[in-house]
Amino acid sequence: LLIVLVSSGMISSCKSSRDKKQKIKTEKSLHGSWELNYITAEEDLFSFEELYPGQKPTIVFNVQENQFSGNTSCNNFNGELKLNGNKIDFTDPFGMTRMLCDGQGEAKFLEVLKKVNGYSVSEGNTLALLSGDIAIMRFKRKVKED
(Lines give C-alpha, C1' and ligand atoms only; values in the text may rest on other atoms or scores of the structure.)
Protein backbone atom coordinates (compact mmCIF):
# COMPACT_ATOMS: atom_id res chain seq x y z
CA LEU A 1 0.00 0.00 0.00
CA LEU A 2 2.82 2.38 0.88
CA ILE A 3 4.50 1.71 -2.48
CA VAL A 4 1.24 2.45 -4.32
CA LEU A 5 0.76 5.75 -2.45
CA VAL A 6 4.34 6.90 -3.06
CA SER A 7 4.16 5.90 -6.75
CA SER A 8 0.88 7.74 -7.33
CA GLY A 9 2.29 10.83 -5.60
CA MET A 10 5.34 10.79 -7.88
CA ILE A 11 3.20 10.37 -11.00
CA SER A 12 0.96 13.25 -9.95
CA SER A 13 3.99 15.43 -9.25
CA CYS A 14 5.52 14.64 -12.65
CA LYS A 15 2.23 15.38 -14.42
CA SER A 16 1.79 18.80 -12.77
CA SER A 17 5.42 19.67 -13.54
CA ARG A 18 4.93 18.64 -17.18
CA ASP A 19 1.66 20.64 -17.40
CA LYS A 20 3.40 23.72 -15.97
CA LYS A 21 6.27 23.43 -18.49
CA GLN A 22 3.78 23.07 -21.36
CA LYS A 23 1.88 26.17 -20.17
CA ILE A 24 5.09 28.21 -20.05
CA LYS A 25 6.11 26.97 -23.52
CA THR A 26 2.67 27.81 -24.92
CA GLU A 27 2.69 31.30 -23.41
CA LYS A 28 6.24 32.00 -24.65
CA SER A 29 5.18 31.09 -28.20
CA LEU A 30 2.61 33.92 -27.98
CA HIS A 31 5.20 36.53 -26.94
CA GLY A 32 6.09 39.12 -29.60
CA SER A 33 4.61 41.20 -32.42
CA TRP A 34 1.90 39.98 -34.78
CA GLU A 35 0.23 41.46 -37.88
CA LEU A 36 -3.35 40.61 -38.87
CA ASN A 37 -3.78 38.76 -42.17
CA TYR A 38 -7.31 37.29 -41.74
CA ILE A 39 -10.49 38.30 -39.93
CA THR A 40 -13.80 36.44 -40.04
CA ALA A 41 -16.22 37.73 -42.67
CA GLU A 42 -19.63 36.54 -41.49
CA GLU A 43 -21.92 38.96 -43.35
CA ASP A 44 -19.33 41.56 -44.30
CA LEU A 45 -19.71 43.69 -47.37
CA PHE A 46 -15.98 44.49 -47.35
CA SER A 47 -12.96 42.37 -48.22
CA PHE A 48 -9.90 42.27 -45.97
CA GLU A 49 -8.09 44.62 -48.37
CA GLU A 50 -11.02 47.08 -48.27
CA LEU A 51 -11.11 46.98 -44.45
CA TYR A 52 -7.35 47.60 -44.15
CA PRO A 53 -6.16 49.38 -47.33
CA GLY A 54 -3.16 50.97 -45.63
CA GLN A 55 -1.90 49.76 -42.29
CA LYS A 56 -2.98 46.33 -41.03
CA PRO A 57 -3.87 45.88 -37.36
CA THR A 58 -1.10 44.62 -35.09
CA ILE A 59 -0.93 43.16 -31.61
CA VAL A 60 2.08 42.77 -29.31
CA PHE A 61 2.11 40.34 -26.40
CA ASN A 62 4.51 40.84 -23.49
CA VAL A 63 4.00 37.60 -21.58
CA GLN A 64 6.54 38.41 -18.84
CA GLU A 65 4.75 41.67 -17.98
CA ASN A 66 1.20 40.29 -18.58
CA GLN A 67 0.47 43.07 -21.07
CA PHE A 68 -0.70 43.44 -24.65
CA SER A 69 -0.71 46.45 -26.94
CA GLY A 70 -1.25 47.15 -30.60
CA ASN A 71 -2.87 49.18 -33.30
CA THR A 72 -6.33 48.75 -34.83
CA SER A 73 -5.06 50.19 -38.15
CA CYS A 74 -5.95 53.62 -36.76
CA ASN A 75 -5.82 53.82 -32.95
CA ASN A 76 -3.36 52.37 -30.45
CA PHE A 77 -4.56 50.16 -27.59
CA ASN A 78 -3.12 48.38 -24.55
CA GLY A 79 -4.30 46.29 -21.64
CA GLU A 80 -3.65 43.52 -19.15
CA LEU A 81 -2.92 40.14 -20.70
CA LYS A 82 -5.13 37.43 -19.18
CA LEU A 83 -3.92 33.92 -20.06
CA ASN A 84 -4.79 30.51 -18.72
CA GLY A 85 -3.12 27.83 -20.83
CA ASN A 86 -4.40 28.43 -24.35
CA LYS A 87 -7.31 30.55 -23.08
CA ILE A 88 -7.10 34.32 -23.51
CA ASP A 89 -9.51 37.10 -22.56
CA PHE A 90 -9.93 40.52 -24.20
CA THR A 91 -13.38 41.28 -22.72
CA ASP A 92 -12.20 43.69 -20.01
CA PRO A 93 -11.98 47.30 -21.12
CA PHE A 94 -8.55 48.33 -22.28
CA GLY A 95 -6.98 51.71 -22.99
CA MET A 96 -7.22 53.15 -26.48
CA THR A 97 -6.44 56.41 -28.27
CA ARG A 98 -9.42 58.14 -29.89
CA MET A 99 -8.42 59.36 -33.34
CA LEU A 100 -11.11 59.61 -36.03
CA CYS A 101 -10.83 56.57 -38.31
CA ASP A 102 -11.98 56.12 -41.89
CA GLY A 103 -13.84 52.99 -42.96
CA GLN A 104 -15.08 49.98 -41.01
CA GLY A 105 -11.75 48.26 -40.28
CA GLU A 106 -11.26 49.40 -36.69
CA ALA A 107 -14.86 48.66 -35.66
CA LYS A 108 -14.64 45.17 -37.19
CA PHE A 109 -11.28 44.45 -35.49
CA LEU A 110 -12.58 45.46 -32.03
CA GLU A 111 -15.89 43.61 -32.49
CA VAL A 112 -14.15 40.34 -33.38
CA LEU A 113 -11.38 40.75 -30.76
CA LYS A 114 -14.00 40.81 -27.99
CA LYS A 115 -15.28 37.38 -29.14
CA VAL A 116 -11.85 35.75 -28.76
CA ASN A 117 -11.48 33.22 -25.91
CA GLY A 118 -8.54 31.09 -27.01
CA TYR A 119 -5.44 30.99 -29.17
CA SER A 120 -3.04 28.66 -30.90
CA VAL A 121 0.38 29.23 -32.42
CA SER A 122 1.48 27.00 -35.28
CA GLU A 123 4.98 26.66 -36.68
CA GLY A 124 6.00 29.57 -34.42
CA ASN A 125 4.86 32.19 -36.92
CA THR A 126 1.06 31.90 -37.25
CA LEU A 127 -1.24 32.98 -34.43
CA ALA A 128 -4.91 32.01 -34.56
CA LEU A 129 -7.25 33.80 -32.18
CA LEU A 130 -10.20 31.51 -31.55
CA SER A 131 -13.83 31.65 -30.57
CA GLY A 132 -14.41 28.15 -29.26
CA ASP A 133 -12.39 26.09 -31.71
CA ILE A 134 -12.92 28.34 -34.74
CA ALA A 135 -10.17 30.74 -35.90
CA ILE A 136 -11.82 34.16 -36.18
CA MET A 137 -8.55 36.11 -36.57
CA ARG A 138 -5.13 35.08 -37.85
CA PHE A 139 -1.85 36.92 -37.48
CA LYS A 140 1.63 36.47 -38.91
CA ARG A 141 4.62 36.98 -36.60
CA LYS A 142 6.37 40.25 -37.38
CA VAL A 143 10.12 40.04 -37.65
CA LYS A 144 11.89 42.94 -35.97
CA GLU A 145 13.55 45.27 -38.46
CA ASP A 146 16.97 46.60 -37.54
Please check if the side chain of [X] supplies one atom and the backbone of [Y] the other of a donor-acceptor pair under 3.5 Å.
{"X": "Asn71", "Y": "Phe77", "result": "no"}
{"X": "Asn84", "Y": "Lys87", "result": "no"}
{"X": "Thr97", "Y": "Asn76", "result": "yes"}
{"X": "Arg138", "Y": "Leu127", "result": "no"}

State the [atom1]-[atom2] distance between [X] and [Y], to the nearest 0.5 angstrom.
{"X": "Leu129", "Y": "Asn117", "atom1": "CG", "atom2": "CG", "value": "10.0 Å"}
{"X": "Asn37", "Y": "Phe48", "atom1": "CG", "atom2": "CZ", "value": "6.0 Å"}
{"X": "Glu111", "Y": "Glu106", "atom1": "CD", "atom2": "CD", "value": "12.5 Å"}
{"X": "Glu35", "Y": "Arg141", "atom1": "CD", "atom2": "CZ", "value": "13.5 Å"}
{"X": "Leu113", "Y": "Ile136", "atom1": "CG", "atom2": "CD1", "value": "8.0 Å"}

Requested in this report: State whether the number of non-hydrogen atoms from other residues, nucleotides or ligands found under 6.0 Å of Glu123 atom CD is greater than 12.
Outcome: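 Not more than 12 within 6.0 Å, no.
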
Query raised in the report: Would you say Glu50 has more than 12 foreign heavy atoms packed within less than 6.0 Å of its CD?
Result: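 Result for CD/Glu50: enclosed.
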
Report task. For side chain to side chain contact (heavy atoms under 4.5 Å, CB included), just list the numbers for Glu49 and Lys56, CA-CA rounded to whole Å, side-chain angles, deciding distance to a tenth of an Å, and then say yes or no. Result -> CA-CA 9 Å; Glu49 291 75 23; Lys56 294 178 186 174; over 6 Å; no

Report task. For residues Phe94 and Phe68, establish whether the separation of their ring centroids is below 6.0 Å. Result ->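 Between Phe94 and Phe68, the centre distance is under 6.0 Å.
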
Please find the pair of heavy atoms, one from [X] and one from [Y], that lie closest to each other, and give the distance.
{"X": "Ile39", "Y": "Phe109", "answer": "CD1-CA, 3.8 Å"}
{"X": "Ser29", "Y": "Trp34", "answer": "O-CZ2, 3.6 Å"}
{"X": "Phe139", "Y": "Met137", "answer": "CE1-CB, 3.8 Å"}
{"X": "Asn75", "Y": "Cys101", "answer": "ND2-SG, 3.1 Å"}
{"X": "Ala135", "Y": "Tyr38", "answer": "O-CE2, 3.7 Å"}

Requested in this report: Would you tell me whether Asn66 and Glu80 have side-chain atoms, one donor and one acceptor, within less than 3.5 Å of each other?
Outcome: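 Checked: Asn66/Glu80 side chains show no N/O donor-acceptor pair below 3.5 Å.
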
Requested in this report: Could you verify whether a donor N or O on one side chain and an acceptor N or O on the other, from Asn78 and Gln67, lie under 3.5 Å apart?
Outcome: no

Query raised in the report: Among Leu110, Val116, Val112, whose side chain to side chain contact (heavy atoms under 4.5 Å, CB included) with Phe90 holds?
Result: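 Exactly one candidate clears the test, Val116.
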
